[in-house]
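Below, read A as the first sequence line, B as the second, and so on, with proteins coming before strands; counting in each chain starts at 1.
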Amino acid sequence: MNDRGRLIIGITLILLVAISLNFSYDSFVKSEQSTDFINKISAIPDGSLVVVHLALLYDESIEIEPAFTTLLWYLSRKKMEVVFIPLTIESGFILENSAETVRNFLLEKEAFPEIVSTGSYRASSPNHSWSICNFTPGSLFAMRHFSLDYLGCYNDKIEQLHDLQAVFVVGSVGFDGMPAPMLYTLFGQKAQLHTPLYVISSAQKRPMLEPLVKTGQIRAMISGNYNSLAFAAQLQSPVDYSKKSVAITALIVAVIFLLVGMMINTLFRKKE
Amino acid sequence: MQLYNIGVWISALLTLIVLSAMFRENRVYRAVESYFIGLSAALLGYYLFVDVIYMRIATPLMSGNLLYLIPLLLSIPIFFRRIPVIYRGTPWIVAMGIGVYIAVVMTRIFDGLVLRQLALFIPTFHTGGFSWSDVTPLLSGVIATAVLFHFSPYKKVTISGKIFDSVAVISMVVALGVLLGYTVASYIALFVDRIYFLIETFLKMI
C-alpha cells in the first residue's frame, strides 16, 4: 500500500471515530459474563474487607477501564474496605485516574473514599479511606509477589486478614507467559485460604483464564471491551460509556471491511 | 490548572506526531518514538533499582538482617562481564535461580492447571454431563499439536503423520486467528481512546 492509500484509510478511520463519538445508545447492553459477575459480587456482604490487585498496563487499561471504574464505584457504594496492591508501575496512575473519574461524576463527591498510599495495610480510618500498598512495582515481580512475599505488604497486621471476603485481580500482566490472575490461582490462593477470586482482564487472556472459571479457581470473570461495557451498563455506572462503545463498534465494523477487502484483493492477485 | 493544560497540549502534540506515521515515517515521529522508549527504560530502571536494590536488599541489611548478604554477594558476578575471573560464577548462579524457579513452579502448575482440570473432567465423564461434539475438537487439537511438536520423527512423513499435521496446523491457525482478533480489538480500543482524547479533552468538541 502506498503513502496516499494509508493516509486515506487513516483519515477515514479518524473521521469515523470522530463522527460516531457524537452518538450514544439508549438500549440496555448485557452479557452472560457481566450478569454472572454481578450476581456473584452481590453476595459479598456490605462493609467487607477486599483486596484489589492491579496488574495493569496502559495498552490493556482502555479495555478494562469501564469495568474497573464501575467496580470502584460499586465498592464505594457498598462501603467496602479496600486495599489496593499495584503490581505494575502504571497501576497507581490508572487507579488515580479511575478514582478521579468516579469522583467527578458523583453529585456528593465526599461519598467516594479518599485513597491513601500507606505502604502497608492500615485498618480503615473513621472517614472511610482506602489504602494502597505500594511495594511491588514492576510486572516481573508478580510471581514472586504471589508466591513468596504475598503477605509481606501487611507487615504485622496479618491477623486482620481473616476477615478478607474477596480478592480482585484487575489486569493481566504476569510473568513467564502466565497472566496475573493465573499466577494468583497457582501461588496466592493457598495463602489466602481460598478467598473467592474475581478477575477483570483483557480479551486476549480470556482463553487462558476460562478453564480456571470452570474449575471454580476463579469465581467470576469479566474480559474484553464488550463485557466491560456491559458490566458498566448493567450496574448503571455514573460514567457514560455509550459514546465510546458506539465508536468501538463502528471501528470494528470498518476494520472487518478493510480486512475482507484485503483478503479479496490478495485472492484476485493470486489468480492473475 | 495551567500545568494540566500544558500536559494536555504535550499529549495532544505527541499523539498527532505518532499518528503522522500513518502518512509516512518521518524524523519527528522517530524522535518521539525514541523519547517513549527512553522514558520507559528510565522509569523501569528507576523502579527496579528502588524495588530490588533499595527495598529488597539495602533496607533489610540496614535493619541488621545479615541473611540478605547472600543474594547481594550472588548478584555481584553478573555485573562483571568484562572480568572473566569474577564472571565465571554467573552460570552457576543463574542455573540455581532457574532450578529453584522450576522446582517451585512445576508443582504448583501441575496442581493448579493439570490436576484441577482433570478433577473437573473425570466426574463429568462418568456422569455423562458433557457432549463429545464439544470435547472432540479440543482433544484432537491438543493431541495433534503435541504429536507434531514432540513425537514427529524428523523429515519422515507418513499418512498418519500427514493427518496429524493437518489437524495440528488447523488448530494452531484457528488459535492464532483468535489471538490476532483479540489483539486488533484491543488496539481499536486504544485508537478510539486517543481520538476521544483529541476531540473531548483537547478540542472540547463533545
Side-chain angles (χ1 to χ4, degrees), chain A residues 3-4 6-7 9-11 13-14 16-18 20-22 58-63 65 89 135-138 140-141 143 147-149 176 178 182-183 185-187 189-190 202-207 211-212 214-217 223-226 228 243-245 247-248 250-252 254-255 259, chain B residues 16 19-25 40 43-52 55-56 100-102 104-113 115-121 124 138 175 178-200 203 205-206:
Chain A
D3 292 343
R4 188 180 286 179
R6 280 198 306 176
L7 187 66
I9 290 174
I11 289 174
L13 292 180
I14 289 170
L16 182 72
V17 176
S20 54
L21 276 173
N22 286 293
Y58 274 121
D59 58 356
E60 68 170 6
S61 71
I62 309 300
E63 265 182 86
E65 198 261 332
I89 299 163
F135 84 117
T136 43
L140 290 174
F141 301 103
M143 194 209 72
S147 58
L148 307 173
D149 205 359
D176 205 13
M178 289 187 279
M182 186 185 272
L183 289 169
T185 60
L186 297 178
F187 302 106
Q189 219 155 29
K190 279 186 182 171
S202 62
Q204 279 171 289
K205 302 290 187 257
R206 185 179 172 175
L212 302 175
K214 286 184 179 160
T215 53
Q217 287 159 286
S223 61
N225 259 316
Y226 180 75
S228 185
K243 286 179 178 177
K244 268 191 191 178
S245 57
I248 288 169
L251 207 61
I252 285 173
V255 168
L259 289 174
Chain B
L16 289 171
L19 285 177
S20 76
M22 278 194 303
F23 172 59
R24 188 179 292 163
E25 200 174 312
S40 313
L43 201 61
L44 186 66
Y46 167 76
Y47 273 102
L48 284 177
F49 179 79
V50 170
D51 186 53
V52 181
M55 282 175 73
R56 299 278 157 182
V100 170
Y101 168 71
I102 288 173
V104 172
V105 167
M106 280 298 279
T107 49
R108 298 287 179 94
I109 285 182
F110 196 73
D111 173 41
L113 297 184
L115 289 182
R116 281 170 194 251
Q117 291 298 320
L118 281 175
L120 181 78
F121 178 74
T124 338
L138 191 71
V178 170
L179 202 64
L180 185 70
Y182 282 141
T183 311
V184 170
S186 70
Y187 284 127
I188 283 173
L190 273 175
F191 183 69
V192 168
D193 190 71
R194 280 292 84 195
I195 305 297
Y196 185 77
F197 165 76
L198 285 176
I199 295 172
E200 199 263 347
L203 296 173
M205 280 168 68
I206 300 177

Side-chain polar contacts of residues 183-194 of chain B - donor-acceptor pairs under 3.5 angstrom, sequence neighbours left out - could you list them?
residue: B:Thr183; atom: OG1; partner: A:Gln204; partner atom: NE2; Å: 3.0
residue: B:Thr183; atom: OG1; partner: B:Leu179; partner atom: O; Å: 2.7
residue: B:Ser186; atom: OG; partner: B:Thr183; partner atom: O; Å: 2.8
residue: B:Asp193; atom: OD1; partner: A:Lys244; partner atom: NZ; Å: 3.0
residue: B:Arg194; atom: NH1; partner: B:Thr15; partner atom: OG1; Å: 3.0

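- Using a 4.5 Å heavy-atom threshold, the side chains of A:Thr185 and B:Arg116 count as separate.
- Neither the backbone nor the side chain of A:Ser202 comes within contact range of chain B; no heavy atoms are under 4.5 Å apart.
- For chain B, the nearby parts of A:Leu212 are the backbone and the side chain; heavy atoms of each come within less than 4.5 Å.
- Only the side chain of A:Lys243 comes within contact range of chain B, with heavy atoms under 4.5 Å apart.
- Heavy-atom pairs under 4.5 Å with chain A peak, among B:Leu43, B:Ile195, B:Ile199, at B:Ile195.
- With values rounded to the nearest 0.5 angstrom, A:Thr215 atom OG1 is found 8.5 Å from B:Leu113 atom CG.
- Using a 4.5 Å heavy-atom cutoff, the side chains of A:Ile14 and B:Leu19 are in contact.
- By the 4.5 Å heavy-atom criterion applied to side chains, B:Asp111 and A:Leu186 are not counted as neighbours.
- Summarising the geometry of A:Arg6 relative to B:Phe23, their closest heavy-atom pair is NH2-O, 3.5 Å, with the distance given to 0.1 Å.
- Atom CD1 of A:Ile9 sits about 10.0 Å away from atom CE of B:Met22, to the nearest 0.5 Å.
- Of the listed residues (A:Leu21, A:Asn22, A:Asn225, A:Leu13), the one with the most heavy-atom contacts under 4.5 Å to chain B is A:Leu21.
- Contacts between A:Arg4 and chain B at a heavy-atom distance below 4.5 Å are absent for every atom of the residue.
- More than 12 heavy atoms of other residues, nucleotides or ligands shown are found within 6.0 angstrom of OH on A:Tyr58.
- Remark: B:Glu200 engages no residue in a salt bridge (charged side-chain N to carboxylate O under 4.0 Å, His left out) (not counting sequence neighbours).
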